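Quick caveat: nothing in here was measured; it's all calculated off a predicted structure. Just so you know, residue 1 is the first one in the sequence shown, and it goes up from there.
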Amino acid sequence: MAAVMAVALATSATRGLQDQADAARARIEIGAQLEELGTTLKAAAMSGTLTDKEAWEIYDRVIRAAKTAYVRDFGDGQSKPEAAPSPKDNVIRLTARRPRELRLLLQPEFLRRDLRLLRDELELDHDQMTIVEVLFDDYAMAYDLASAPLKAGLGQYRSATMSTYIAFSLEDAGVKLDAAMANARQVDREEAVARMTETLERIDHEKAEGLASASEEDRRQYEAWKRSMIAASSQLDDRLAAIRDRTRAQLDEMRRADATMTTEELVGMARQLHADRSQLRADLTKSLEMIATETQRGEENALFDAAMARIRVGQLLPQGRLGGESMNLWAAWMETVREQESRETLDESLESVEDLLGERAVGIAAKLDDRTEATIAREIAGLEFQSARDRIAAASGESIFEVDERRLAAVVRPYVEALHREVTASIATRDALRLLFVESSAYVFDLPGNKWHASAYREAALRSEFPVETRPRWTERAIAAALGLDEVGDEVMEDLLVLESDAATELHLLRARAIHARTRRDPKLARDFIASEFEDADIEFDEDVWREVEHAAFTALADRTEVRLRDILTPEQLDSLPVRPEERTWGAGRDKSKTRGESAGKSRGK
């Protein structure tokens with residue numbers, strides 16, 4: 001087995017290196033062709049054979065085709081590292097889904113990581129776990145097989161769509177190149193060179209001062225460029241003909257390609273995978289139920305249903321888009337318990353909280369299942385819309401990129417309705433989680449001597465779901481740094497403690513207000529994006545939409561904190577505090593060369 005894995009890894013690595021080499025060669029070849037095209041079109045424009053607009057239109061079409069072909073064959077090569085959440089991220093995930101987005105249907109409902117949770121929840125023994133592991137492996141293999149046709153079909157269709165766009169761009173560029181060649185044939189070569197020489201002399205005159213102060217290497221490169229422009233002008237018709245022939249050859253090659261996947265076939269595959277998905281889930285659930293003992297399943301299957309619900313919650317909860325829709329109360333409670341266990345023995349009364357959350361997981365899982373079905377229905381509706389668009393294009397003889405939007409309005413309606421149903425299901429999920437959050441928080445608070453747990457649990461839950469709204473602020477960091485300063489007098493320390501208390505109270509209120517405002521805003525914003533994208537609604541999204549909710553209030557608090565710190569601390573002490581990310585100096589309009597302390601004015605002293 002180890003030898004087989006080693007060979008597989010070596011083969012994969014070799015294939016990866018070969019792909020990289022092919023991509024590098026393609027980049028060099030495309031770069032050379034685009035450089036030749038740019039030089040030729042520049043010469044055509046400068047010699048009067050083409051207008052600037054005509055030259056740019058040809059270049060734009062060809063370069064778009066080249067970039068699209070490269071992405072089709074080698075991918076975009078971009079890996080996006082995870083960044084800290086930002087207010088803009090919160091808004092971006094609310095934007096309307098594109099019809100071609102197909103993700104959830106291709107994801108299995110059970111993963112090997114779920115084995116541990118199932119083992120712990122049902123207290124499965126070693127023999128049972130051996131069987132369960134085999135069942136999970138069989139499920140994963142079956143889902144891979146069931147989803148393979150759709151995955152392959154989507155790849156073919158996307159490649160074909162990109163190829164269609166490449167052909168569309170090349171054909172358009174070819175028409176413009178034909179016109180350019182006709183213009184070039186009407187211009188005498190000597191006349192073209194004379195016009196080019198006249199243009200270059202004018203450029204020399206305009207750049208005289210800059211050329212006089214340029215380096216020897218820069219002047220050499222400039223002279224070489226002028227010679228290349230004159231040479232291109234003298235051979236303009238030949239160079240344009242060569243580019244046109246290459247464009248025509250690329251277009252002919254694409255037209256000879258075999259027919260690929262149709263959207264009608266993709267719709268059929270998606271519906272079949274949806275049915276297979278439900279059947280595979282039912283089969284695995286039934287098998288697991290048979291393996292567990294009656295005691296492990298619990299009365300009326302309560303323990304087993306709760307365990308399966310926890311798996312679905314863990315798998316589906318992160319798919320949320322609205323504020324509060326992915327609040328993981330179970331993880332928040334585990335975080336609270338772990339922190340308490342590190343301090344002292346866990347209070348037995350807290351076990352009832354885990355029971356409460358376990359019982360309610362079944363209801364939340366049902367909401368998540370409804371949302372999942374709405375999402376999958378939306379994904380299939382997107383394929384159906386593309387299929388209808390393709391049929392309209394085929395019937396009219398138009399490119400799929402040129403279908404009249406008025407003719408698409410009727411066929412896009414089912415997709416829009418599916419988008420709205422998905423938002424409705426998301427709202428129902430979010431509201432169920434919010435209700436459970438309020439109920440469980442109150443439950444913990446009412447437990448004797450567990451006020452600390454209630455506060456810690458609420459903070460952990462909100463922090464996990466609203467990281468932007470609950471993140472540490474400059475106000476807190478600056479005050480904490482001030483409190484840690486050496487040789488601070490009693491009077492200054494007293495003022496800082498008052499400032500800390502005031503800021504903490506205001507921040508608590510602002511965070512609660514921001515979270516409440518976001519949960520009210522997100523559903524409307526999600527629907528506005530749908531209306532703007534697919535329903536021709538005239539909705540403007542101003543800059544404030546992309547900012548954090550309550551941004552102005554948080555900024556005002558930071559401003560007031562800055563003023564009070566300047567009044568309390570010395571210039572030297574101010575210099576040691578964190579700099580505000582919003583503005584790098586203490587006060588707008590001040591000399592940026594000064595330190596914060598120098599621009600702070602008089603302070604009260606120590």
Side-chain angles (χ1 to χ4, degrees), residues 93-111 114 139-158 261-285 308-309 311-322 325-326 362-390 411-433 523 526-527 529-530 533-534:
R93 66 181 184 175
L94 297 174
T95 52
R97 301 292 197 188
R98 305 301 301 158
R100 286 178 58 179
E101 287 188 42
L102 195 68
R103 185 168 51 88
L104 191 56
L105 181 57
L106 297 173
Q107 293 182 4
E109 295 185 82
F110 301 94
L111 303 172
D114 301 325
Y139 170 84
M141 184 181 298
Y143 205 93
D144 283 345
L145 290 172
S147 60
L150 181 57
K151 288 179 180 178
L154 285 169
Q156 291 179 26
Y157 178 75
R158 286 169 181 153
M261 188 66 57
T262 65
T263 41
E264 285 85 352
E265 291 174 300
L266 289 178
V267 171
M269 290 178 181
R271 288 174 176 160
Q272 182 60 54
L273 178 57
H274 189 199
D276 292 342
R277 192 175 195 267
S278 300
Q279 187 60 52
L280 288 171
R281 170 181 167 179
D283 291 345
L284 179 61
T285 302
M308 297 301 290
I311 289 176
R312 298 207 304 284
V313 167
Q315 182 77 356
L316 300 175
L317 200 61
Q319 306 289 342
R321 298 161 63 200
L322 306 178
E325 194 186 347
S326 299
V362 177
I364 298 298
K367 295 292 185 184
L368 290 169
D369 287 339
D370 291 342
R371 189 188 70 187
T372 298
E373 287 303 306
T375 298
I376 291 176
R378 186 262 303 162
E379 292 180 343
I380 295 175
L383 290 179
E384 291 171 336
F385 165 64
Q386 291 181 87
S387 179
R389 180 206 61 182
D390 291 353
V411 296
V412 79
R413 173 50 49 186
Y415 180 66
V416 173
E417 292 172 353
L419 283 167
H420 282 295
R421 285 194 295 270
E422 185 181 18
V423 173
T424 299
S426 292
I427 293 172
T429 302
R430 182 206 63 180
D431 290 348
L433 283 166
R527 294 196 188 280
F529 277 124
I530 296 171
E533 184 72 25
F534 296 106

S.K.: Does some side-chain heavy atom of Arg103 sit less than 4.5 Å from a side-chain heavy atom of Glu379?
M.R.: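 A side-chain contact exists here, since the closest heavy-atom pair is under 4.5 Å.
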S.K.: Applying salt bridge (Lys or Arg N to Asp or Glu O under 4.0 Å), can you list everything that pairs with Arg271, at least two apart in sequence or on another chain?
M.R.: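 Residues passing salt bridge (Lys or Arg N to Asp or Glu O under 4.0 Å) with Arg271: Glu384.
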S.K.: Cut-off 3.5 Å, side chains only: do Tyr139 and Arg281 have a donor facing an acceptor?
M.R.: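 No, no side-chain donor-acceptor contact under 3.5 Å.
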S.K.: Starting at CG of Asp370, measure out to OG1 of Thr375 and round the result to the nearest 0.5 Å.
M.R.: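 Reported to 0.5 Å precision, the distance equals 10.5 Å.
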S.K.: What orientation do Tyr415 and Phe385 show, parallel under 30°, tilted 30 to 60°, or perpendicular over 60°?
M.R.: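 Parallel: the ring planes of Tyr415 and Phe385 meet at under 30°.
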S.K.: Can any side-chain N or O of Glu109 pair as donor or acceptor with the backbone N or O of Leu316 at less than 3.5 Å?
M.R.: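 No, because the side chain of Glu109 does not come within donor-acceptor range (under 3.5 Å) of the backbone of Leu316.
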S.K.: Output yes when a side-chain donor or acceptor of Glu101 lies under 3.5 Å from a complementary backbone atom of Arg98, and no otherwise.
M.R.: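 Confirmed, Glu101 side chain pairs with Arg98 backbone.
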S.K.: Go through Asp390 and Gln386 one step at a time and tell me if the side chain to side chain donor-acceptor pair (under 3.5 Å) criterion holds.
M.R.: CA-CA 6 Å; Asp390 291 353; Gln386 291 181 87; over 6 Å; no
S.K.: Does anything in residues 424-433 pair up under side chain to side chain donor-acceptor pair (under 3.5 Å), and if so which pairs, sequence neighbours excluded?
M.R.: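 The answer is Glu325-Ser426, Thr424-Arg527.
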S.K.: Is a side-chain N or O of Thr372 found less than 3.5 angstrom from the main chain of Leu368, in a donor-acceptor match?
M.R.: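 It does hold such a pair.
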S.K.: Under the 3.5 angstrom rule, does the side chain of Ser326 hit a backbone N or O of Leu317 as a donor-acceptor pair?
M.R.: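 Between the backbone of Leu317 and the side chain of Ser326 there is a qualifying donor-acceptor contact (under 3.5 Å).
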S.K.: Is the backbone N or O of Thr95 less than 3.5 Å from a side-chain atom of Arg321, with the two atoms forming a donor-acceptor pair by type?
M.R.: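 Flag set: sc Arg321 to bb Thr95 pair under 3.5 Å.
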